[in-house]
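Computation of the quantities below employed the complete heavy-atom set of this structure, encompassing side-chain atoms and omitting hydrogens, waters and symmetry-equivalent molecules. All chains are named by letter (A, B, ...) in the order of the sequence lines, taking the proteins before the strands, and each is independently numbered beginning at 1.
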Amino acid sequence: MPIEIKDLTHIYNPGTPLARTAIRNINLTIEDGEIVAIIGHTGSGKSTLVQHLNGLLKPTSGTVKVDGVDINQKGVDLRTIRWKVGLVFQYPEHQLFEETVWDDVAFGPRNMRLSDEEVRARVERALAAVDIDPALANRSPFELSGGEKRRVAIAGVLAMEPSVLVLDEPTAGLDPRGRQDMLRQIQRLQEERHLTVVFVSHNMAEVGALADRLVVMERGEIVMEGPPKAVFAERDRLEAIGLGVPEMTALMAKLREMGWDVPVSVLTVDEAEKAIMAVLRREARVGTRGDL
Amino acid sequence: MDNKESFIVVDRVSFSYTAESGAREEAALKQVSLTVAAGEFVAIVGHNGSGKSTLAKHLNGLLLPTSGDVWVAGMNTKDEQHRWDIRQTVGMVFQNPDNQIVAATVEEDVAFGPENLGLPPELIRSRVDEALAVVGMSEYAEASPHSLSGGQKQRVAIAGVIAMRPRCLVLDEPTAMLDPVGRREVMETISRLNREERITVILITHFMDEAVKADRVVVMDGGRVVREGTPAAVFQEMDLLRGLRLDVPPVIELASRLRARSLALPEGILTVDEMVTALCQLRSRI
Ligand SMILES: Nc1ncnc2c1ncn2[C@@H]1O[C@H](COP(=O)(O)OP(=O)(O)OP(=O)(O)O)[C@@H](O)[C@H]1O
Ligand SMILES: Nc1ncnc2c1ncn2[C@@H]1O[C@H](COP(=O)(O)OP(=O)(O)OP(=O)(O)O)[C@@H](O)[C@H]1O
Ligand SMILES: [Mg+2]
Ligand SMILES: [Mg+2]
């Protein structure tokens with residue numbers, strides 16, 4: 001489901017001394033089935049932006065269209081928009097409220113008036129997708145560890161089976177394996193159900209691995225946009241606005257400064273290994289020693 | 001427990017939460033023993049639900065062991081009369097900064113701890129200003145903490161505990177919501193407090209590149225401590241770590257792969273800069 005954002009501005013507490021423009025003149029189109037990552041320093045407006053995608057925040061000015069419909073128009077049923085566009089908050093605590101983990105995940109599907117059977121099937125699938133032990137289903141969601149809470153919050157949104165998945169820092173607080181699994185899961189869902197995915201992240205390696213396109217925010221505006229490799233090629237600019245590049249990209253940049261002929265567009269350990277071996281082999285061949 | 005070096009001693013601690021339903025859950029900590037020396041920087045890593053936050057809350061007496069003891073600077077956390085001293089000695093930054101907001105403005109929030117200590121107003125002022133500057137939040141001194149972004153709240157929570165100058169800092173995933181530069185700045189601040197002010201630091205993190213900065217890494221699994229050692233030693237055990245849902249920093253993985261291709265890289269490469277130096281040396285010998 002495509003999303004079209006036009007001239008979107010949001011001011012918190014408008015007309016008061018506490019007024020703060022959190023995002024300004026945002027124009028962004030997200031294609032159907034695309035995976036877009038939003039990155040930017042603390043306070044740059046990422047959460048504010050994504051909370052507009054399902055009508056949770058109202059634009060101060062500008063429009064948000066989901067599947068061609070302006071979601072803030074009179075007469076639009078925001079509930080159905082929220083079923084189509086599932087949003088997971090940055091802090092799972094803001095989202096969990098039921099007595100048990102099970103009820104929390106079942107909340108959305110029940111609201112959608114699905115049959116008990118369908119609700120059960122969806123809750124089970126969603127909990128499995130985020131790797132939550134069924135033994136935790138009767139526990140209060142507030143009696144979970146930080147990472148477990150995040151998984152349950154994500155399950156609650158997955159269970160609604162939305163066409164657009166919006167995730168605000170979905171892997172923060174997950175253990176390294178959990179982070180990887182979550183990325184795979186998102187990718188799998190995108191492939192199987194042709195979901196449109198928008199996610200916010202501070203993890204450069206992860207956005208590099210998952211996103212088709214990066215959107216870089218700075219002080220409420222979009223300042224860069226493009227495929228990960230193209231964006232990460234501008235390391236200095238990213239650093240200047242509080243971001244960075246994946247560790248392997250940084251390593252390549254430093255090696256280049258030391259006269260190594262390695263490509264800049266390296267994101268992973270695999271690629272770095274190949275690049276370094278290529279240089280050393282080439283030079284070993286030219287030199288007298290041939291043992292590399 | 002007489003060892004002066006042992007600033008914090010966790011002695012065979014087990015802990016079970018009692019669920020709202022009244023049912024006792026499986027133990028979250030099982031016979032955990034751990035000693036931290038004054039001035040040490042210890043990182044704790046482990047899978048989700050392995051017991052890290054539960055252990056952290058034992059270090060300032062917020063939770064008390066079901067069995068076993070925790071000693072802080074010679075005081076047993078079970079000892080009612082030391083409770084106040086222990087809270088002053090060990091400053092905590094919780095995993096969710098929302099739980100930590102107590103005041104209507106950012107500066108009042110940061111001043112809350114020092115005020116509680118009964119410090120003179122001028123000193124409170126200077127500590128608050130300094131702490132906010134350290135975390136880059138001076139601009140927001142008068143904002144309401146509730147109106148901050150996720151990462152800004154996290155920075156304010158860190159400022160709050162820095163302003164208290166406790167002898168020991170326990171930080172539960174303090175950088176989970178920070179941008180890369182913010183993460184680096186917070187890590188530098190933590191290292192500086194540890195190095196220059198000899199503040200004992202216990203850092204819980206899922207970022208292995210942060211754990212590498214510690215003197216010692218403690219690995220938890222299912223409520224137990226399963227490994228401890230220097231970062232270089234612990235991160236050598238890549239298969240073990242992966243089996244525990246953990247990982248190694250990309251640089252360490254790269255070093256190990258290059259060694260497997262018989263490049264003569266020295267042991268103990270942990271950072272990008274160390275890798276660059278080692279590779280350049282190697283290349284100059286070709
Ligand atoms: N409820 C609110 N009231 C007033 N100002 C707010 C509110 N929420 C956010 N802000 C301000 O709006 C700006 C953008 O905040 P937002 O939460 O969108 O940032 P973010 O990019 O998500 O940051 P982070 O990476 O720290 O989560 C910040 O300056 C923040 O202080
Ligand atoms: N209030 C609570 N009541 C009951 N059980 C709890 C409570 N808090 C945590 N637990 C359980 O105790 C175990 C340890 O949780 P803890 O929060 O210490 O883990 P953690 O290592 O900090 O995990 P994370 O990396 O996800 O933050 C988990 O199995 C968790 O489900
Ligand atoms: Mg945010
Ligand atoms: Mg925790």
Gap between atom CD of B/Q95 and atom CD of A/E93 - 0.5 Å precision: 8.0 Å

Exceeds 12 heavy-atom contacts within 6.0 angstrom, atom CZ of A/R235: yes

Exercise: identify the closest heavy-atom pair between B/P250 and A/E247: CD-OE1, 3.0 Å

Contact leader toward chain B among A/T268, A/D168, A/D270, A/N13, where contacts are heavy-atom pairs under 4.5 Å: A/D270

For chain B, which residues of residues 42-51 of chain A have heavy atoms nearer than 4.5 angstrom: A/T42, A/G43

Contacting region of B/F207 [heavy-atom separation from chain A under 4.5 Å]: both

Donor-acceptor contact present, side-chain A/Y91 to main-chain B/G150, <3.5 Å: yes

Nearest-0.5 Å distance that lies between atom CG in A/L280 and atom CG in B/L279: 7.0 Å

Residue selection (most heavy-atom pairs with chain B, distance under 4.5 Å) from A/E148, A/E257, A/R179: A/R179

All side chain to side chain contact (heavy atoms under 4.5 Å, CB included) counterparts of A/F97, not counting sequence neighbours: A/F107

Flag side-chain contact, heavy atom, 4.5 Å: B/L244 against A/R177: no

Donor on one side chain, acceptor on other, A/R151 and B/N48, under 3.5 Å: yes

Heavy-atom proximity to chain B below 4.5 Å, by part of A/D133: neither

Winner by heavy-atom pair count (cut-off under 4.5 Å) against chain B, out of A/L18, A/I276, A/D181: A/I276

Within-4.5 Å side-chain heavy-atom neighbours: A/H41 and B/V181: no

Test item: B/T175 and A/H202 side chains (from C-beta on) under 4.5 Å apart, heavy atoms: no

A/M277/B/R257 under side-chain contact (heavy atoms from CB on, under 4.5 Å): CA gap, chis, key distance, verdict: CA-CA 11 Å; A/M277 290 311 293; B/R257 288 210 203 171; over 6 Å; no

Proximity breakdown for A/E273 and chain B, heavy-atom pairs closer than 4.5 Å: both

Candidate list B/H47, B/H206, B/R242, B/R245, test side chain to side chain contact (heavy atoms under 4.5 Å, CB included), partner A/P176, passing option: B/H206

A/D175 to B/G46 - nearest heavy-atom pair and separation: CB-O, 4.4 Å

Nearest atoms (heavy-atom pairs only) where A/A172 meets B/M177: CB-CE, 4.0 Å

Heavy-atom closest contact (B/L254 atom, A/M248 atom, distance): CD2-SD, 3.9 Å

Counterpart residues, side chain to side chain contact (heavy atoms under 4.5 Å, CB included), relative to B/A176 (two or more places apart): B/Q154, B/E173

Student check: side-chain heavy atoms of A/N203 and B/R183 closer than 4.5 Å: no

Within-4.5 Å side-chain heavy-atom neighbours: A/E239 and B/R184: yes

Between A/H94, A/R150, A/K149, A/Q180, the one whose heavy-atom pairs under 4.5 Å with chain B are most numerous: A/H94

Side chain to side chain donor-acceptor pair (under 3.5 Å): pairs with one or both residues in residues 263-275 of chain B, sequence neighbours excluded: A/K254-B/D273, B/Q236-B/E267

Distance-minimising heavy-atom pair for B/C280 and A/M258: SG-CB, 3.7 Å

Proximal component of B/L258, with respect to chain A [non-hydrogen, under 4.5 Å]: side chain

4.5 Å side-chain heavy-atom contact, A/R20 and B/Y140: yes

